[in-house]
Every structure is written in C-alpha cells, then in structure tokens.
Amino acid sequence: MADIIQLLPDHVANQIAAGEVVQRPASVVKELVENAVDAGATEIRLIVKDAGKTLIQVVDNGAGMTATDARLSFERHATSKIRSAEDLFSLGTKGFRGEALASIAAIAHVEMNTRPHDDEVGTRICMEGGKLTSQEVTVTAAGTSVAVKNLFFNIPARRNFLKSNQVELRHVIDEFQRVSLAHPDIQFAMYHNGNDLFTLPSSNYRQRVVNIFGSRTNEKLVPVSENTEVLKLSGFVYKPEHARKSRGEQFFFVNNRFIKSPYLHHAVVAAFEGLIREQTHPGYFLYLEIDPKSVDVNIHPTKTEIKFDDEHTLYAILRSAIKHSLGQFNIAPLLDFEKDTGLDTPYGYKDRPASAPTIEVDADFNPFRDEEGEAGIPVSPGSFSTGGGKPGNTWGRTARKEDPSGWESLYIGLGDDDEASGNFSSVEIESDEVGGTSMPGQQLFDHRQGELPSVTTYQLHRKYIVTTIKSGMVIIDQHRAHQRVLYERFLRQMTVKEGISQQLLFPIVLHYSPSDMALLSELKGSMEFIGFAIDPFRGEEITITGIPSGVSESEVSIILEQLIADFKDEIPDSSFSQTDRMAKSLGKTLAVRTGEVLNEAAQEALVNNLFACKEPGMSPFNRPTYITITVEDLEKKFL
Ligand code: ADP
Ligand code: MG
C-alpha cells in the first residue's frame, strides 16, 4: 500500500491555527494591543473601521523591530518572549506562543511598518493569506504599526459567521477597555469610523476608570485595598446604589492581565449581599497581585480563565476586604431597602407616593376615525395618574382596524359545540353588526358610552385579569399581556415610523459612559421612530426634548437603562433585528407590573388590546399570556 500520510501545507496549518486564535475582530485587537504593551509602548492608538471587519490598526511607539525580526515575527512559534518552557511560569508579558501574527496574517491582509528607535529607516512588510507580498525599506515613525484589513477574506464561512457591526464593536470595545484598564500608565486612544471613542491620557487607576466610564463614575467608586502574604488587592467597587441591571463593569485583573473568574465574582457578590437588589449587579474593578507560581497561567492565549492554587483563601480575602471598604465608607448603614421586593417595583417608582390608577375616558372617541388622527396612548395604566399623557388619551385606543382573527381564534373550538361558536354573548361581541370590519375593541368603547352593558372583568391577586367568555373564562397574566400589546405597538411604530412625540417643557439630560453612548447612538434612529426627540449627542450627555406620548418623564431613564442592559447582554443576539429587540426591551420596561392595581377601564382595555394583537397568545418572550378554563373543565372539578 502506498503511503497516505502527508504533512499539511503551511498555509493550511496556519489557517487552522488561526481559527483558534482569531475568532472575531476583537481577538485581533487583543493580540495587537498586547504586543504593543509588551513592546514597552507608552502611547497606543487603535483605529477601527466597520467594527474591525474592514480595518484594525494598532500604532505604538514601542521598541520596534529590525528588518529580520519584522520578517520573523510572522513565522509560527516566532517569539522574543520565552526561550524555554520554564519561562512560562514567570511571565511578565502577554504573549508567549508566537502564534498571533502568523495566525492573523493567514486570514487577512496585513501591513506592518516598524522601526527601532535607534535606526534611521524602518521596514514595511505586506502579507496576504499568510504569504509575503512585499518587504521594503521605508521611512516610518519609531515603533510599530500593524494594519489588518479584510479579516477572513479567504474564509468566507468565518466572515459570514461574524455578528452585526454593533455586536462586533461591542467586543472590540470590551478588549480595548480591558487592556487599557490594566495599564493606566500607558496613553491609549481608540477611533471608530473616524470618530474618537476613547482618549485616555497616562494616569492612575482611578482616573483611568473615570476616563473610560465617564466623569460621573468618580463619585460612584469606593476604593478597596488589602495586603496579605498571598494576595495584594487594590481597586474599586461601585457603591451599592449604583448596581445596574446590566452586568456592565465587572473587571478582575491578575498580575495586570484581565481574567474571568466566576468563583471570585461570587465572592464580590457575597460581599454585596443585602445591599443591592436582586437582579442587579455590582460594578467592580479589582486588581490582584499574586505570585505567578501559584497561578496556572493560561496555556491557551485566548482564554481569559485561569486557575489559582488556593482559591478559598482568595475568596475569603476578597469578600472581607470589600465588605470592610463598604462599611468604612459608611455605605452599608445608609441603605434601607423595603422588604417587599417581590412586587418587582421599577427603581424609579420606589419613593413615589402611591396613587390609585385612574383612567381618562375620551367620550368623543370614534373607533372608526383614522389612526393618524390619534394623539397617542398612555403606555401604562399604572402611570395614568403621573401626568404623562395628554388629556383625552385613552389607553384602550390601541385597538386597531386589523384582521381580528387573532381574537376570534380564541373562541374557536373552545368546546361549546352546540351553539354558534361565533356568538360570544357574554362579552357582547357581535362583529356582524358593523359589517365585518369590526374589531374586538369597539364594543367596549360603546359600553363606556353607556349604550351597552359593560364587560365583566376582575383582577385577581393584582396579577391576573379574569373575564368570561361563552364557553367559560379567560385568565390573563396582566404583565405578559401588556408586554405583548406594547411590543406589537412599538414594532409597528418603528416600521411605519409613526410614533407621536410629546414635547417636554424642560429637556431631560442624562449621562452615560462613552461605550454606552456609542450603543445609544446606534439606537437613536429607532428611538426617534417611536416618539423620542433627541438632540445631537455631546460627549457623555444625551438631551431628550420629547418623549413618546404616554411615557412619563420619570420612566425615561429606566427605559434607557434597560435598553442598554438588553443590548449589552446581546439577548437574544443578532438573529433578531434591532427593531425587534428594542420593541421587546421597551415592552418589558413599560408593561404594567404584577402587583399593580388596575381599575376596571384599564382591565377592559388590556383585554381588548391583547386580543387585537396579531399573536395574543404569547408574550414577546414566548410565554403564555392567558389560559382558558371552560365550563366543562369546571364541571369536571365538581364531580
Ligand atoms: P508573541 O506575542 O506570542 O511573542 P506574536 O505573534 O504576537 O507572538 O508576535 C511575535 C513577535 O513579534 C513578538 O514576540 C515580538 O518580538 C514581535 N512583535 C510583535 N508585535 C510587536 C510590536 N508591536 N512591537 C515590537 N515587536 C513586536
Ligand atoms: Mg503576541
């Protein structure tokens, strides 16, 4: 038999290795910036186009390379950082496998310009798909610039696998923040599509955090510090009241290298126990210095997880040091949370006086009038009394002139075979009467005008709305049902761009970190479609001059915070459109909560609006919105 084993050609081997090192633009950013740090740079600039899909360039003023080194740097296992396997255990540098540049060059177009400080001229090298295409002497600044263009140009499957620019940029920013937080003494800058996202002067740890996350961050920080034999700990935690819904700012650095550690994270959370609300996350920037010998340094360069010899001790030190800091800065005793968090009150509602919801019924309302003429709808019945909506707005007016099949299907096949299943006498809906264009909501408005008897609805446990149908009864989950109603409404408004804005007398000014601002600027267009009026962004400031009719002013910051949280966490990732995610997020934030009392009119409106939806049966998060119990079911129970 002939020999069949062959060595893989180099370029294939390199492509395979590249898959391990380079998953996405952010991986390239990490490798290039870390190389610049290792080269002793004091200034590092990151230039990115289209979230790194088109260009990632890192320019440093570090040591630079000779022509020979520059050429060698693209060979696999070429590294200046370790000479023997023992060196692995006392790593002062970031890289050590010498694979990054070779991997990147295998799957992109790379141009490197480099010059050692003592040399007069430098070297320019171009690589394409792992092959050297040119090498020449050039005039260039001292230090190194590496530009990576058209990532994955030769692996279309990988390129197609990349997420939206917004998601990829988020990952790039994450890597940039991690490295720059670890090295505050180095000056960093980042540009995306020609805009500066970050300009970070050389500074100390605290200033670095503030420069990255916004000037308002300073007052949120509580210093943490502990010095023991096994561990030197320093850094900051956010005061408990700044715990956020999004995971956001949670950073561990071990020996100046960003790491993830669910175990140590747990220690921090434990220190905050009782001080923050459920489902909010503490923010922290913690720097640990540990003897490198007691750390199992990653043998895989792209992994950020590491193992410690004595995790339990680290856990205990971390937890008690943070507790101590929170106590010392007099933070713990100031906090006084209400016991009943089960009701899930949005934060902004916490200290508001309780007020019974009221509803303003528009006696002039004509359901046949064009929707264009509508002034808009208060979003949440619970906020009717908070002054959000204009007089005359009626929540129930979301009822639409659309195919009512969703509503009717509820009644089809519900069991009552003997009688005409279309005759829902107990809710008095007789669609034939209005010539087939009827929608479920109409009759109810008529009821309010006193022409017909009212529908019976009943609120159970401040959570469910119960109403009768011919065949029995429907039990509606008020929160989920309202989510569905709002979700479909926002989705429609964003699609047809019809949102109605309510001008604010005093604009609302809110502050966010640069990365949150970058995210918000992506969402700005969609927000405007649903009725937000937003001034051009300035620095860390967003000025809102108009809000969707029906949203109250106090809800605005909650809405934005939830939007940021949802888009940061990438739920449910980019298989859904931005509009869809945004409508979900807004629906979630603004829907009436479990625990809110709804008056009769609001209950009725909810029932009608739900069944005017295209998919009334499911919340936007695919949970059932209602169940039905037939008389038969009941009868069985009484056997
Ligand atoms: P590693 O960082 O693991 O050594 P890389 O492939 O990232 O492997 O880089 C290979 C070598 O190229 C490095 O060891 C270093 O000597 C050199 N090098 C890479 N980037 C730079 C840079 N920005 N400045 C100076 N030298 C660099
Ligand atoms: Mg490297």
Side-chain angles (χ1 to χ4, degrees), residues 357 359 380-382 395-396 398-400 403-433 438-448 450-488 591-639:
I359 187 161
S380 147
W395 187 44
T398 35
R400 293 171 298 145
D403 175 25
S405 57
W407 158 255
E408 287 180 348
S409 67
L410 173 63
Y411 297 94
I412 293 166
L414 272 187
D416 204 345
D417 292 332
D418 298 337
E419 297 177 47
S421 59
N423 177 15
F424 319 123
S425 57
S426 62
V427 281
E428 302 294 340
I429 286 172
E430 288 162 325
S431 44
D432 290 344
E433 208 174 81
S438 142
M439 55 184 177
Q442 291 168 4
Q443 288 74 13
L444 281 168
F445 293 111
D446 294 338
H447 300 167
R448 289 203 202 117
E451 286 163 345
L452 284 162
S454 181
V455 163
T456 322
T457 58
Y458 176 75
Q459 191 181 24
L460 190 68
H461 278 263
R462 293 193 269 168
K463 178 167 190 198
Y464 300 109
I465 308 299
V466 184
T467 185
T468 50
I469 49 172
K470 178 70 184 170
S471 61
M473 63 201 229
V474 193
I475 302 169
I476 296 168
D477 181 311
Q478 65 185 43
H479 179 60
R480 290 183 191 170
H482 199 206
Q483 282 187 343
R484 162 56 62 183
V485 170
L486 294 175
Y487 166 72
E488 290 200 6
V592 288
R593 303 275 143 179
T594 297
E596 275 182 58
V597 178
L598 301 187
N599 66 15
E600 247 174 62
Q603 294 173 24
E604 285 178 21
L606 181 57
V607 174
N608 288 317
N609 291 331
L610 176 66
F611 292 110
C613 283
K614 287 195 176 122
E615 283 179 63
M618 285 287 164
S619 83
F621 302 95
N622 285 329
R623 316 291 293 275
T625 50
Y626 66 83
I627 57 157
T628 52
I629 299 179
T630 63
V631 176
E632 272 172 30
D633 294 338
L634 287 173
E635 275 163 1
K636 276 186 205 139
K637 298 249 178 219
F638 284 103
L639 282 180

Q. Do you know which of T630, V474, V631 makes side chain to side chain contact (heavy atoms under 4.5 Å, CB included) with I469?
A. V474

Atom [atom1] of [X] and atom [atom2] of [Y]: how far apart are they, to the nearest 0.5 Å?
X    : Y    : atom1 : atom2 : value
L639 : L634 : CG    : CG    : 11.0 Å
R593 : H482 : CZ    : NE2   : 11.0 Å
E604 : N599 : CD    : CG    : 9.0 Å
L606 : H479 : CG    : NE2   : 11.5 Å
I465 : I475 : CD1   : CD1   : 11.0 Å
N622 : E615 : CG    : CD    : 8.0 Å

Q: Would you indicate whether the side-chain heavy atoms of D477 and Y464 approach each other to under 4.5 Å?
A: yes

Q | Sub-4.5 Å side-chain heavy-atom contact between F611 and I476 | A | yes

Locate the shortest heavy-atom distance separating [X] from [Y]; write the atom from each residue and the value.
X    : Y    : value
G595 : Q478 : N-NE2, 4.1 Å
G617 : Y626 : CA-CE2, 3.7 Å
T625 : M618 : CG2-C, 3.4 Å
E600 : T457 : O-OG1, 4.1 Å

Q. When you look at R484 and E488, which way does the salt bridge (charged side-chain N to carboxylate O under 4.0 Å, His left out) test go after all the steps?
A. CA-CA 6 Å; R484 162 56 62 183; E488 290 200 6; 2.8 Å; yes

Q. Ignoring hydrogens and geometry, is there a side-chain-to-backbone donor-acceptor pair from T628 to M473 under 3.5 Å?
A. no

Q. So, Q459 side chain and E596 main chain: donor-acceptor pair closer than 3.5 Å or not?
A. yes

